[in-house]
Amino acid sequence: MLYKKNNTKELDTELFKNPTSEYRGAPFWAWNCELEKDMLIRQIEYLKQMGFGGFHMHSRSGMATEYLSDEFMNLVKACRDKAKEENMLAWLYDEDRWSSGSAGGYVTKTKAFRQKILVMSETPVEFTDKETGTREGLPYLLAVFDIVLDKNGKLASYKIINADDKTQGVKRYAYVRTSEESGWFNNQTYVDTLSEDAMRKFIEITYESYKKAVGDSFGDNVPAIFTDEPKFADKIRLGYADSHDDALFPWTTDFADTYRKTYCEDIIEKLPELFWDLPNGKISAARYHYHDHICERFTKSFADQCGKWCGENNINLTGHMMAEESLMSQTAYIGEAMRAYRSFGIPGIDILCNYVELTTAKQAQSAVHQFGREAMTSELYGVTNWDFDFRGHKFQGDWQAALGVTVRVPHLSWVSMKGSAKRDYPASINYQSPWYKEYPYVENHFARLNTVLTRGKPIVNVGVIHPVESCWIHYGPASTSSDVMRKLDDNFGNVTNWLLTGLVDFDFISESLLPQQCGEISDKLNVGKMSYGTIIVPGCEMLRGTTLDILKKFKANGGRIIFIGECPKYVDAQESDSVKELYNVSEHCGFDRIQLLDKLNNERTAKICNQY
């Protein structure tokens with residue numbers, strides 16, 4: 001438990017005046033040079049002087065001390081001890097730079113654990129067999145296809161052929177390749193985050209090393225370990241259906257096997273449907289299943305295993321996923337953000353620059369509510385530059401606090417400006433900035449706010465079905481699908497904005513999590529720790545069959561359902577009229593702010609008006 005002082009019925013006035021470390025920010029402390037114990041100890045005193053309650057020990061570009069070495073771990077222990085002495089918290093970080101998973105390249109020295117990429121290409125390469133390709137990181141062939149497109153760029157036909165067969169259309173080679181080595185990963189590669197074996201190795205190298213060094217402080221002044229931007233291989237689709245470019249999607253060695261066990265079909269036979277659209281507006285069930293299975297493999301392998309280890313070792317998993325902000329970005333990098341949060345002790349987000357991403361924050365806050373988590377993290381102020389002043393710090397902190405953020409992780413507090421370190425993302429929220437002694441004005445404000453906002457129970461009566469799975473079914477060539485996905489994303493952002501600025505609080509409901517979270521169904525829909533009297537279906541083109549069954553029971557028991565826009569046309573990626581009955585007995589409105597808020601006027605728990 002992070003907020004142990006919240007057990008009291010009433011807020012202690014003295015605690016509000018002088019909040020303790022758990023309510024204060026803990027910046028990314030960039031270890032970016034040859035580290036010296038005395039220098040680090042001195043800087044912890046600077047951070048405390050700035051009003052911070054702790055720090056994340058974060059390996060960054062420029063660090064000349066070997067990552068995870070005995071020397072490195074001795075410095076971690078020294079900083080943990082100094083934090084204890086200063087009544088501060090020492091937060092861990094699970095990677096050398098980012099994205100998390102490769103343990104600074106130690107995991108991916110084993111080539112079988114390197115990231116795998118499904119390539120759909122017109123150009124053959126030298127292929128080996130699957131076993132050798134996996135072991136040695138060499139390309140291996142899955143199938144050769146004859147792809148015939150119609151005049152609209154849709155799949156007229158496709159079939160598997162031999163490599164030397166003549167074709168009616170274009171010959172495409174579907175094969176698996178391994179990511180190339182990169183200096184960013186210390187001359188190794190990023191990791192196969194879809195592989196449970198690879199992620200177990202990551203945990204063994206990184207998490208177990210921290211446990212050996214400072215495990216006796218887990219749950220005390222070492223409250224959490226931060227994981228940063230894990231993802232699978234980028235889904236790089238074709239720009240145009242008739243493009244000669246390669247298309248690249250995530251893959252793992254046994255993906256076809258686990259897919260077959262889950263869906264009773266061979267995904268390799270259906271691979272063209274991932275990259276090209278079917279004719280006459282038909283939706284590909286195989287495409288939907290692929291995106292769902294990739295997301296589930298990723299979540300089980302990475303977040304579930306890391307979260308399970310943390311739960312068993314009395315430490316919270318915190319941090320954030322890659323590209324949480326939109327339906328398209330989630331589809332391309334992680335599948336679905338909310339699914340991963342199921343295994344975070346402290347779910348988190350990342351807000352770069354001076355952006356306002358209401359959808360990003362609301363997704364994580366919804367998970368915090370539904371799973372009954374006590375805190376929510378935000379990595380904030382990154383890439384804001386040297387001229388980002390206290391007004392910006394307060395603005396960003398305020399709107400995020402209103403949407404649930406209680407663990408502030410300012411980005412970035414540099415240890416040094418020497419060498420390549422000076423090229424890192426500014427500004428340095430540390431002694432290098434002339435205003436650092438004035439920073440308690442910012443931190444004291446948010447610490448006092450947190451003593452209040454971390455108490456009590458959320459009151460939220462409106463649930464919104466998250467529409468990300470409607471984006472998956474359209475993830476084809478950019479020329480034929482970007483407009484549809486952009487409309488889905490616009491609607492996603494608009495509904496979020498309309499509800500929040502209209503003072504109607506709500507939670508997103510993940511369709512993938514709903515069957516496990518759903519409790520008693522009456523005129524309230526119980527989802528985890530939350531209970532909703534009104535459910536909004538925001539222009540989803542598709543619903544899961546499990547979601548539809550739950551909503552039908554909810555409606556039959558007197559629950560309120562509002563459909564925005566047209567009736568969903570698909571159930572589990574199959575064209576279906578089965579939603580129409582529910583749609584016809586529910587309320588409707590268009591994608592219009594006034595129409596929606598008029599229907600939800602009684603759902604406001606607070607109102608703001610001019611007093612004349």
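Residue numbers run from 1 in the order of the sequence given.
- Taking the ring centroids of Y67 and F72, they lie under the 6.0 Å cut-off.
- Outside the 6.0 Å centre-distance limit, the rings of Y46 and F55 are not counted as a close aromatic pair.
- S329 and S326 form a side-chain donor-acceptor contact under 3.5 Å, judged by distance and modelled atom types alone.
- Side-chain contact, T227 with D94: a donor N or O sits under 3.5 Å from an acceptor N or O.
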Let's go through K300 and D304 carefully: what are the C-alpha distance in whole Å and the side-chain angles of both, what is the deciding distance for salt bridge (Lys or Arg N to Asp or Glu O under 4.0 Å) to 0.1 Å, and is it a yes or a no?
CA-CA 5 Å; K300 281 186 174 180; D304 287 356; over 6 Å; no
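- A donor-acceptor contact under 3.5 angstrom links the side chains of T377 and T318, judged on distance only.
- For the 3.5 Å distance criterion, the side chains of S512 and E336 qualify, holding a donor opposite an acceptor.
- Side-chain contact of S69 with E71: a donor-acceptor pair under 3.5 Å is absent, judged by distance alone.
- Of the inter-residue distances, the one linking E587 atom CD with Q595 atom CD reads 12.5 Å to the nearest 0.5 angstrom.
- The main-chain N or O of V191 is never found under 3.5 Å from a side-chain atom of S102 such that the two would form a donor-acceptor pair.
- Using a 3.5 Å distance cut-off with no hydrogens or angles, the side chains of N450 and R408 do not pair a donor with an acceptor.
- Between the side chains of H466 and Q363, at least one donor N or O lies within less than 3.5 Å of an accepting N or O.
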Evaluate E14 against K17 for salt bridge (Lys or Arg N to Asp or Glu O under 4.0 Å), listing each step before the verdict.
CA-CA 5 Å; E14 185 58 33; K17 289 180 180 178; 5.0 Å; no
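- For the pair K231 and F298, the cation-pi test (distance below 6.0 Å, angle within 45°) is failed.
- From I205, atom CD1 reaches atom CZ of R200 across 13.5 Å, with rounding to the nearest 0.5 Å.
- Aromatic rings from F202 and Y106 are positioned such that their centres are separated by 6.0 Å or more.
- In this structure, a donor-acceptor pair under 3.5 Å is present between the side chains of D228 and Y93.
- In summary, the aromatic rings of Y3 and Y23 are positioned with their centroids under 6.0 Å apart.
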Could you walk me through whether I535 and V464 pass the side chain to side chain contact (heavy atoms under 4.5 Å, CB included) test, one step at a time?
CA-CA 6 Å; I535 300 297; V464 177; over 6 Å; no
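- Side chain to side chain, D507 and Y532 meet the donor-acceptor criterion of an N or O pair below 3.5 Å.
- Side-chain contact check for S21 and N87: no donor-acceptor pair (N or O, by modelled atom type) lies under 3.5 Å.
- Screening F226, F52, W91 for a ring pair (Phe, Tyr, Trp, His ring centres under 6.0 Å) with F28, the sole residue that qualifies is F226.
- Using a 3.5 Å distance cut-off with no hydrogens or angles, the side chains of H393 and R391 do not pair a donor with an acceptor.
- Between the CZ atom of F390 and the OH atom of Y441 there is a distance of 9.5 Å, given to the nearest 0.5 Å.
- Distance check, rounded to the nearest 0.5 Å: CG of N461 to CE of M530 gives 9.0 Å.
- With respect to D505, the side chain to side chain donor-acceptor pair (under 3.5 Å) criterion is satisfied by exactly one of K362, R604, Q365: K362.
- Under the 3.5 Å distance criterion, the side-chain polar atoms of S428 are matched with a main-chain donor or acceptor of W414.
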